[in-house]
Amino acid sequence: MPEDGPVVARTREELRAALASTGRPRGFVATMGALHEGHVSLLRRARAESATVVASIFVNPRQFDRADDLAAYPRDLGSDLDVCAAAGVDVVFAPAGEEVYPPGSATTVDPGPIGRVLEGASRPGHFVGVATVVTILIDLVAPDRSYFGEKDGQQLVVVRRIARDLALPGAIVGCPTVREPDGLAMSSRNERLAPADREAAAVLRRALLAVRDAHAGGVTDAGRLRTTMLEVLAREPRAHVDYVSVADPETLVEAEGSRAGPLLVSLAVEVGGVRLIDCEALPAG
Ligand code: PAF
């Protein structure tokens with residue numbers, strides 16, 4: 001990294017110039033800013049495995065289905081750049097909207113059915129927005145490896161699929177979820193939780209651990225695994241369940257009957273008006 005912090009590229013042209021003389025392998029972490037320990041773990045992994053680390057900071061309007069959610073999204077480029085500098089990032093791509101979506105931009109990337117279930121069902125268009133921006137960013141950065149958090153389990157499935165289907169450059173690397181001491185997955189949304197809701201939010205992890213334990217203890221019926229999660233969640237009155245899912249980890253089709261694994265268990269729960277998601281991969285039995 002340059003001594004005075006990362007090079008900040010605001011345009012596609014500036015990004016090309018900043019990357020022109022950098023070494024390989026090139027690691028890439030796409031973010032929407034509001035960087036927390038979860039992002040830092042991705043940046044550190046990229047730093048450990050790359051000659052050049054590139055991070056993008058872009059609040060992608062196309063993946064928000066609600067204008068108020070987009071407006072409420074925290075933005076603080078100055079502190080995000082400090083985080084990137086501390087993590088040893090070489091180049092930060094922090095474009096304005098028209099650098100990502102030039103005027104008249106109409107092309108979208110639709111990942112198909114895996115983008116229309118779970119988060120995609122609750123937030124219509126979300127994964128078309130994610131798939132489109134990730135395709136553009138990976139195309140511009142041309143990384144050898146792109147790092148994504150396993151916490152957004154469905155997003156990782158979608159990104160792996162578009163990378164494969166569209167032959168995007170480089171490998172997609174999934175990285176373990178970073179958690180608060182009580183198990184709550186790190187997320188920029190956590191800071192919107194009022195103290196009592198923040199405490200209640202730990203129920204997401206408890207529900208996932210209950211499923212993990214049940215599965216490890218021999219419970220393979222998908223319906224029973226879903227019920228296990230719902231029972232834990234029902235004990236927390238502040239938690240309002242959007243969905244619980246026990247699905248095939250590649251197709252995201254809901255599992256029925258007895259399934260030994262592998263399975264992707266995920267849930268979306270609203271606590272104090274803040275929508276939280278988390279997931280757990282269950283190994284083959
Ligand atoms: O996970 C995120 O922060 C976003 O969905 C991503 C991958 C940066 C695309 O905007």
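Every number for a ligand or one of its atoms is a count from 1 in the order of the listing. Excluded from the calculations below are hydrogen atoms, water molecules and symmetry mates; all remaining heavy atoms, backbone and side chain alike, are included. Here the structure is a predicted model, which is why all the values come from computation and not from measurement.
Of the possible polar contacts, one joining the R26 side chain to the V141 backbone as a donor-acceptor pair under 3.5 Å is found. Side-chain atoms of E180 do not come within 3.5 Å of backbone N or O of D182 as any donor-acceptor pair.
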Exercise answer: donor-acceptor pairs, residues 209-221 side-chain atoms, under 3.5 Å, sequence neighbours excluded:
| residue | atom | partner | partner atom | Å |
| --- | --- | --- | --- | --- |
| H215 | NE2 | A260 | O | 3.0 |
| T220 | OG1 | S258 | OG | 2.7 |
| D221 | OD2 | G223 | N | 3.2 |
| D221 | OD2 | R224 | N | 2.9 |

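Looking at V159 against ligand 1, nothing comes within 4.0 Å, counting heavy atoms.
Between atom 6 (C) of ligand 1 and the options R62, H39, Q63, the minimum heavy-atom separation is to Q63.
Other members of the cluster containing V83 are L35, V40, with ILVMFWY side chains joined at under 4.5 Å, either directly or via other members.
Every atom of ligand 1 with a heavy atom of V133 under 4.0 Å away is listed here by number and element: 9 (C), 10 (O). Ligand-side atoms of ligand 1 in range of A30: 8 (C), range being under 4.0 angstrom from any heavy atom. Short contacts between ligand 1 and M32, defined as distances under 4.0 Å to a heavy atom of the residue, involve ligand atoms 3 (O), 4 (C), 8 (C), 10 (O).
For Q63 against V133, the heavy-atom pair with the smallest separation is OE1-CG1, 4.1 Å.
Of the protein's non-hydrogen atoms, the one nearest atom 1 (O) of ligand 1 is Q155 NE2, 2.8 Å.
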